[in-house]
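Below you'll find the structure, written out as structure tokens, and then a few comments.
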There are 2 protein chains.
Amino acid sequence: MKLTLDALEVLDAIDKKGSFAAAANALFRVPSTLTYTVQKLEEDLGFVIFRKEGRRSVLTPAGRVLLEEGRHLLLATQAMIDKAHQVDSGWEVSLNIALDTVWDIEQLLPILAEFQQLNTGVEINLLEEVMGGSLEALIEDRADIVLGGPPPSATIQGLQFKEMMQSQWCLVTAKDHPLTKTSLPLTNEMMTAYTSIVIKDSSRQSPIQSHRIMAKQKQIKVASMAQKISLIEAGIGIGFLPRHKIQGKLDEGTLVTLETAEPTQSTPQYCSWKRNNKGKAARWFIDRILSDKV
Amino acid sequence: MKLTLDALEVLDAIDKKGSFAAAANALFRVPSTLTYTVQKLEEDLGFVIFRKEGRRSVLTPAGRVLLEEGRHLLLATQAMIDKAHQVDSGWEVSLNIALDTVWDIEQLLPILAEFQQLNTGVEINLLEEVMGGSLEALIEDRADIVLGGPPPSATIQGLQFKEMMQSQWCLVTAKDHPLTKTSLPLTNEMMTAYTSIVIKDSSRQSPIQSHRIMAKQKQIKVASMAQKISLIEAGIGIGFLPRHKIQGKLDEGTLVTLETAEPTQSTPQYCSWKRNNKGKAARWFIDRILSDKV
DNA sequence: TAATTTGTTCGAAAAAACTGAACACTTTAA
DNA sequence: TTAAAGTGTTCAGTTTTTTCGAACAAATTA
């Protein structure tokens with residue numbers, strides 16, 4: 001490779017400053033040094049970069065290619081160096097946290113704020129996944145940490161997990177929904193007459209499965225908990241929702257819970273991660289999230 | 001920028017050859033030189049690149065980033081140099097030839113073959129455009145040369161053009177089409193009863209216009225001449241086609257021409273290009289195409 | 001016309017890169 | 001177990017590359 005990054009910086013400076021002299025000044029060198037650098041580069045590459053016009057030099061078309069593409073190269077080089085430094089620091093370049101749609105992002109916000117205070121340079125990406133999808137993201141390395149959702153099945157090696165909370169599911173409708181007028185408690189048969197809102201599993205592999213499906217019930221499948229809440233709030237259907245996600249709306253009265261004949265479920269929510277993850281940020285978040293539980 | 005491309009090549013060689021000694025041999029240097037280069041790089045960047053394990057050296061995570069991203073950088077650098085050489089040679093890096101759908105690519109093939117013999121390094125891109133679209137491609141610099149279609153309007157500056165041929169349009173149908181049984185010649189009113197196949201203008205700016213539309217006729221709009229021929233051949237509709245494009249099918253008998261009451265049109269086909277185009281390849285193609293006409 | 005600004009040339013000096021022998025260490029082979 | 005071969009490193013000396021600064025020629029400006 002008969003080209004140096006230094007030479008590209010010289011070209012950049014000459015173009016930016018408008019003359020060899022000004023560029024030399026900016027680079028704390030002497031004009032003749034730049035002449036030498038450019039001439040050497042021209043000789044090495046085998047074509048002319050600057051052509052004299054009057055008392056100043058202008059770029060040839062080939063020289064312009066070198067300048068403009070060279071600038072991108074310089075930026076890419078600096079980005080690479082920065083990334084290597086980041087890796088060397090032990091903090092990840094980026095950390096992907098998958099939030100199961102059951103999970104409440106509110107709980108994560110203070111932890112995120114605290115993390116940003118550390119100035120680690122880690123880029124945090126939040127993904128929203130649904131049920132199976134969150135664990136799949138972990139297995140396929142699209143996520144480093146999963147918050148919420150079921151525990152990993154025992155057949156998958158190398159994953160660790162810890163129960164974080166119990167989420168209490170309750171059957172809810174909009175406040176004006178006809179079911180609110182029915183005699184309570186509700187049996188499954190009574191519910192089948194109404195449209196239910198169901199969250200679709202976001203995993204790509206596993207067959208489509210959803211939570212609490214009832215036979216022959218009219219269904220609308222949605223992509224997230226937020227969508228499910230919106231549709232129920234709009235009176236379009238009914239569904240089971242985790243109490244912690246809708247406490248506010250229950251207090252406001254826009255949503256109401258209905259008593260069911262069968263006892264409502266309570267499903268545990270887990271935090272899962274890969275055991276062999278050595279990154280400082282992943283460790284920090286796991287420690288911080290688990291200690292937060294207490 | 002405390003990093004040289006040479007150092008990246010050294011890292012690459014060490015990783016490829018598996019040891020400092022082998023890499024030194026491949027680079028026609030002495031092992032101690034590589035030690036010097038790597039140590040200097042480590043000092044400049046401020047982190048360790050190789051760690052000793054047993055009697056050999058292995059990359060640290062940060063070193064691996066440098067190696068892998070550095071390889072991309074080296075490739076990009078070489079690509080840039082190649083491009084600059086190409087520009088310096090006076091031949092374009094790439095040449096875009098827009099073929100109006102009326103044009104027959106067969107005429108261009110021997111010219112393309114001849115051009116490839118020249119080994120110019122120019123990347124040729126063929127675009128198929130329809131009517132207004134071909135000139136629009138020229139104006140918007142998506143194309144360097146346009147073959148076929150109408151001449152540029154006089155209001156557009158800097159475009160040159162030359163008439164290449166007259167294309168003779170004739171009304172055709174599939175051989176079993178009901179119109180073939182009708183008494184000839186056909187008037188416009190007789191045609192309106194049948195679906196006509198029309199090519200849609202591919203230009204984005206100009207309002208949709210198509211060739212030889214007749215009032216209140218059933219239409220199917222297609223995207224290219226080839227599609228139009230296919231649909232007519234399948235008996236789906238009728239349409240005007242340039243004779244040179246379908247001579248083969250007329251000889252075979254899969255398509256038949258119908259006599260029309262009004263005389264069939266003959267539209268000139270032009271070759272258009274930008275006057276200020278200085279590229280050698282554009283010049284070569286224009287000269288070659290124009291001389292071919294004789 | 002004189003002064004200023006441009007980039008270049010060239011010899012000398014400084015800096016960087018490279019060499020090769022000696023060395024310390026690990027792994028392999030006898 | 002010992003010898004041999006292979007690893008990368010150190011270091012003094014050499015070579016090459018880069019930089020400097022003064023002198024210069026040419027174009028522009030005052």
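In what follows, chains are A, B, ... by sequence order, proteins preceding strands, each numbered from 1.
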Selected nucleotide, minimal atom distance to Val30(A) side chain, candidates dC20(D), dT8(C), dT5(C): dC20(D)

Under-4.0 Å side-chain N/O to phosphate OP1/OP2 contact, Gln39(B) with dG8(D): no

Separation of atom CZ in Arg51(A) from atom P in dA26(D), rounded to whole Å: 19 Å

Check ion pair Lys280(A)-Glu92(A) (N to O, under 4.0 angstrom): no

Asp6(B) bridged to Arg29(B) by N-O distance under 4.0 Å: yes

Nearest-nucleotide pick for Lys40(A), side chain only, options being dT17(D), dT9(C), dG8(D): dT17(D)

For Gly63(A) against Phe47(A), the heavy-atom pair lying closest together: N-CE1, 4.5 Å

Spacing of Phe50(A) atom CZ relative to dT6(C) atom C1', expressed in whole Å: 14 Å

Sugar-phosphate, base or nothing in reach of Ser57(A), heavy atoms under 4.0 Å: sugar-phosphate

Contact nearer the 5' end of DNA chain C, comparing Thr35(A) with Phe28(B): Thr35(A)

Length of the line joining Lys52(A):NZ and dT28(D):P, which is rounded to integer Å: 10 Å

Options dG8(D), dT6(C), dC10(C), nucleotide nearest the side-chain atoms of Ser32(A): dC10(C)

Interatomic distance where CG belongs to Asn25(B) and P belongs to dG8(D) [whole Å]: 12 Å

Under-4.0 Å side-chain N/O to phosphate OP1/OP2 contact, Ser19(B) with dT7(D): yes

Nearest-angstrom distance from the residue atom CG of Leu41(B) to P of dC18(C): 13 Å

Contact nearer the 5' end of DNA chain D, comparing Asp6(A) with Glu53(A): Asp6(A)

Side-chain N,O (Tyr36(B)) to OP1/OP2 (dC18(C)) below 4.0 Å: no

Euclidean distance, atom CZ of residue Arg29(B) to atom P of dT17(D) [Å, nearest integer]: 12 Å

OP1 or OP2 of dA26(D) under 4.0 Å from side-chain N/O of Arg55(A): no

Nucleotide dG8(D), atom P - distance to CD1 of Ile49(B) in whole Å: 15 Å

Short side-chain donor-acceptor distance under 3.5 Å, Gln86(A) and Asp82(A): no

Close side-chain approach of Leu99(A) and Leu127(A), heavy atoms under 4.5 Å: no

Phosphate-side-chain proximity, Thr33(A) and dC20(D), N/O vs OP1/OP2 below 4.0 Å: yes

Distance in angstrom units between Leu34(A) CG and dT18(D) P, rounded: 13 Å

